[in-house]
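Computed from a predicted structure; not experimentally measured.
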Amino acid sequence: MEAALEGDQIKMKIVSLNVGLPREVLWHGRSVTTGIYKEPVAGRVALRKLNLDGDRQADLIVHGGEYKAVYCYPLEHYEYWKKELPRRELPMAMFGENFTTVGLLENEVHLGDRFAVGSAQVVVTQPRLPCYKLGVRFGSDDMVKKFLASERGGFYLAVTEEGEVGAGDEISMISRDANAVAVSEITRLYVAKRYGAGELALVRRAIQVATLPEDWKEYFRARIKKTNI
């Protein structure tokens with residue numbers, strides 16, 4: 001499926017809108033409750049402060065909440081995974097995303113970016129850091145490591161104005177934060193073993209972005225304190 005082109009610019013849009021309720025699955029001999037299994041839905045769906053109607057997370061300590069109301073994953077990455085996992089079927093929502101998107105790659109989307117989609121408005125809050133349940137979804141313990149190493153993690157949105165959304169909706173930028181840092185850079189800074197002057201400058205900018213959750217800011221402040229330059 002190709003993104004619609006306007007001139008030389010790819011239109012940002014939702015190509016698949018996906019929801020799902022938590023279910024119990026058997027993993028390594030024990031029962032695990034997870035909300036990662038989602039399915040595409042047609043029509044208009046209400047997008048509320050905490051999630052889409054018909055969508056729930058199982059573990060609210062690490063998933064869901066206002067800073068993770070919507071998980072976005074670029075359709076463009078599916079081609080990469082088809083090559084990496086040639087025997088695996090990859091239907092829409094395979095990565096647990098709510099919005100499968102085009103035109104919104106992690107190196108182009110920034111913390112604090114505000115978008116209009118459907119009749120709602122949203123803001124980018126953080127990258128996704130995968131937990132073991134991605135491995136459950138793929139039936140592979142090493143999928144979490146592969147996913148993080150791929151630098152194709154997607155990102156989360158908070159809802160600033162509730163509304164209705166659906167597959168096919170265009171996504172338009174409203175504004176960009178003055179201290180914006182690309183989502184891909186935030187992931188790189190999270191896993192980096194050492195910080196140089198450039199990394200410190202980026203981290204100091206990132207913690208000024210209001211929509212970055214406090215636990216991320218605390219992590220980065222601790223890294224700054226440990227860095228001697």
Side-chain angles (χ1 to χ4, degrees), residues 34-36 49-50 57-74 76-77 80-81 84 95-99 101 104-115 122-138 140-160 173 175-229:
T34 176
I36 199 170
K49 285 288 185 183
L50 295 181
Q57 294 76 35
D59 184 351
L60 295 178
I61 294 175
V62 294
H63 301 291
E66 65 176 309
Y67 289 102
K68 294 181 177 179
V70 175
Y71 173 47
C72 298
Y73 198 70
E76 293 90 336
H77 295 340
Y80 168 85
W81 289 111
E84 288 291 305
F95 297 89
E97 74 269 21
N98 300 114
F99 292 175
T101 61
L104 290 163
L105 296 177
E106 296 89 341
N107 63 338
E108 299 166 347
V109 174
H110 295 66
L111 293 185
D113 280 358
R114 295 181 182 273
F115 296 102
V122 295
V123 61
V124 178
T125 58
Q126 60 192 298
R128 178 195 190 174
L129 297 177
C131 76
Y132 78 97
K133 290 180 180 178
L134 183 67
V136 174
R137 180 71 175 95
F138 278 80
S140 171
D141 284 315
D142 65 354
M143 187 59 196
V144 173
K145 187 182 293 185
K146 285 181 179 178
F147 189 78
L148 194 57
S150 76
E151 299 182 350
R152 293 167 170 82
F155 53 91
Y156 287 101
L157 305 173
V159 178
T160 55
M173 177 171 277
S175 65
R176 173 158 287 170
D177 194 282
N179 293 297
V181 177
V183 168
S184 58
E185 288 292 287
I186 297 300
T187 304
R188 183 178 69 82
L189 291 166
Y190 183 84
V191 300
K193 289 183 167 47
R194 298 181 191 84
Y195 284 177
E199 286 78 15
L200 280 175
L202 280 175
V203 165
R204 289 186 174 118
R205 275 176 55 195
I207 62 178
Q208 300 303 313
V209 179
T211 59
L212 183 67
E214 191 58 32
D215 57 343
W216 279 85
K217 291 180 180 179
E218 288 174 1
Y219 172 81
F220 284 137
R221 288 187 191 113
R223 292 292 305 268
I224 290 170
K225 285 182 181 178
K226 291 178 182 176
T227 303
N228 298 313
I229 291 183

Colleague: Rounded to the nearest 0.5 Å, how far does OH of Tyr156 lie from CD of Glu97?
Modeller: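 It is 11.0 Å, given to the nearest 0.5 Å.
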Colleague: So which atom in Gln126 and which in Pro213 form the shortest heavy-atom distance, rounded to 0.1 Å?
Modeller: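 Distance-wise, the nearest heavy atoms are NE2-CG, 3.3 Å.
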Colleague: If we check side chain to side chain contact (heavy atoms under 4.5 Å, CB included) with Val123, which of these qualifies: Val159, Leu157, Thr160, Leu111?
Modeller: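 So, applying the side chain to side chain contact (heavy atoms under 4.5 Å, CB included) to Val123 and each of Val159, Leu157, Thr160, Leu111, only Thr160 qualifies.
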Colleague: Should Trp216 and Tyr190 be marked as a side chain to side chain contact (heavy atoms under 4.5 Å, CB included) after you check the CA-CA gap, both sets of side-chain angles, and the distance that decides it?
Modeller: CA-CA 9 Å; Trp216 279 85; Tyr190 183 84; 3.8 Å; yes
Colleague: Does a salt bridge link Glu214 with Arg221, judged by any charged N lying under 4.0 Å from a carboxylate O?
Modeller: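 Result for this pair is yes, salt bridge flagged.
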Colleague: Among residues at least two apart in sequence or on other chains, which ones pass side-chain contact (heavy atoms from CB on, under 4.5 Å) with Asp142?
Modeller: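 Asp142 satisfies side-chain contact (heavy atoms from CB on, under 4.5 Å) with Ser140, Lys146 once adjacent residues are dropped.
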Colleague: With Val136, which residues qualify under side-chain contact (heavy atoms from CB on, under 4.5 Å), at least two apart?
Modeller: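 For Val136 the side-chain contact (heavy atoms from CB on, under 4.5 Å) partners, ignoring immediate neighbours, are Val25, Trp27, Tyr37, Tyr132.
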Colleague: Taking the six-membered ring of Phe95 (Phe, Tyr or Trp), confirm whether the NZ or CZ of Arg128 is under 6.0 Å from its centre and within 45° of its axis.
Modeller: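 The answer is no, since Arg128 fails at least one limit relative to Phe95.
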Colleague: Name the orientation class of the two ring planes belonging to Tyr73 and Tyr71 (parallel below 30°, tilted from 30 to 60°, perpendicular beyond 60°).
Modeller: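 The rings of Tyr73 and Tyr71 sit tilted, inter-plane angle from 30° to 60°.
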Colleague: Could you please spell out the steps behind the side chain to side chain contact (heavy atoms under 4.5 Å, CB included) verdict for Phe155 and Thr125?
Modeller: CA-CA 8 Å; Phe155 53 91; Thr125 58; over 6 Å; no
Colleague: Filter on salt bridge (charged side-chain N to carboxylate O under 4.0 Å, His left out), then keep only pairs touching residues 178-189, sequence neighbours left out; what's left?
Modeller: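 The answer is Glu185-Arg188, Arg188-Glu199.
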Colleague: Mark yes when over 12 heavy atoms from residues, nucleotides or ligands other than Lys145 sit less than 6.0 Å from its NZ; otherwise mark no.
Modeller: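 Check fails, neighbour count at 12 or below.
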Colleague: With rounding to the nearest 0.5 Å, note down the distance linking CG in Leu134 to CG in Leu148.
Modeller: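 Here the interatomic distance stands at 10.5 Å.
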Colleague: Looking at OG1 of Thr187 and CD of Glu106, how far apart are the two atoms once the value is rounded to the nearest 0.5 Å?
Modeller: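 If I round to the nearest 0.5 Å, the distance is 7.5 Å.
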Colleague: For Leu105 and Pro74, which heavy atoms make the closest approach, and how far apart are they?
Modeller: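 For Leu105 versus Pro74, the nearest heavy atoms are CD2-CB, 3.8 Å.
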Colleague: If you look at every heavy atom in Gly135 and Val144, which pair is closest and at what distance?
Modeller: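 Here Gly135 and Val144 meet closest at N-CG2, 4.0 Å.
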Colleague: Spell out, as yes or no, whether a donor-acceptor pair under 3.5 Å connects the side chain of Asp113 to the backbone of Arg176.
Modeller: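 Between the backbone of Arg176 and the side chain of Asp113 there is no qualifying donor-acceptor contact (under 3.5 Å).
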Colleague: Indicate the atoms forming the closest heavy-atom contact of Thr101 with Cys72, along with that distance.
Modeller: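 Where Thr101 meets Cys72 most closely, the heavy atoms are CG2-CB, 4.4 Å.
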Colleague: For Tyr219, give me all partners under side-chain hydrogen bond (donor to acceptor under 3.5 Å, both in side chains), at least two apart in sequence or on another chain.
Modeller: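 Listed in chain order: Arg223.
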Colleague: Output a table of donor-acceptor pairs, distance under 3.5 Å, between side-chain atoms of residues 200-212 and any protein atom two or more places apart or on a different chain; print 'none' if there are none.
Modeller:
residue	atom	partner	partner atom	Å
Arg205	NH2	Ala180	O	2.2
Thr211	OG1	Val124	O	3.1

Colleague: Please report the shortest heavy-atom distance between Thr34 and Ile36, naming the atom on each side.
Modeller: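 Heavy atoms of Thr34 and Ile36 come nearest at OG1-N, 3.1 Å.
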Colleague: Can Arg152 be said to sit on top of Tyr80's aromatic six-ring, NZ or CZ under 6.0 Å from centre and within 45° of the ring axis?
Modeller: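 Yes, Arg152 lies over the aromatic ring of Tyr80.
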Colleague: Does the side chain of Phe147 reach to within under 4.5 Å of the side chain of Trp81, using non-hydrogen atoms?
Modeller: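 Yes, their side chains come closer than 4.5 Å.
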Colleague: Who are the ring-ring contact (aromatic ring centres under 6.0 Å, His included) partners of Phe115, not counting sequence neighbours?
Modeller: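 Here no residue qualifies.
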Colleague: Give me the atom names and distance for the closest heavy-atom approach of Asn98 to Ala69.
Modeller: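 Heavy-atom minimum between the residues: OD1-O, 4.0 Å.
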Colleague: Would Arg114 and Val122 satisfy side chain to side chain contact (heavy atoms under 4.5 Å, CB included), going step by step from the backbone distance to the final call?
Modeller: CA-CA 6 Å; Arg114 295 181 182 273; Val122 295; over 6 Å; no
Colleague: For His77 and Glu151, run side-chain hydrogen bond (donor to acceptor under 3.5 Å, both in side chains): C-alpha distance rounded to whole Å, both residues' side-chain angles, the deciding distance at 0.1 Å, then the answer.
Modeller: CA-CA 10 Å; His77 295 340; Glu151 299 182 350; over 6 Å; no
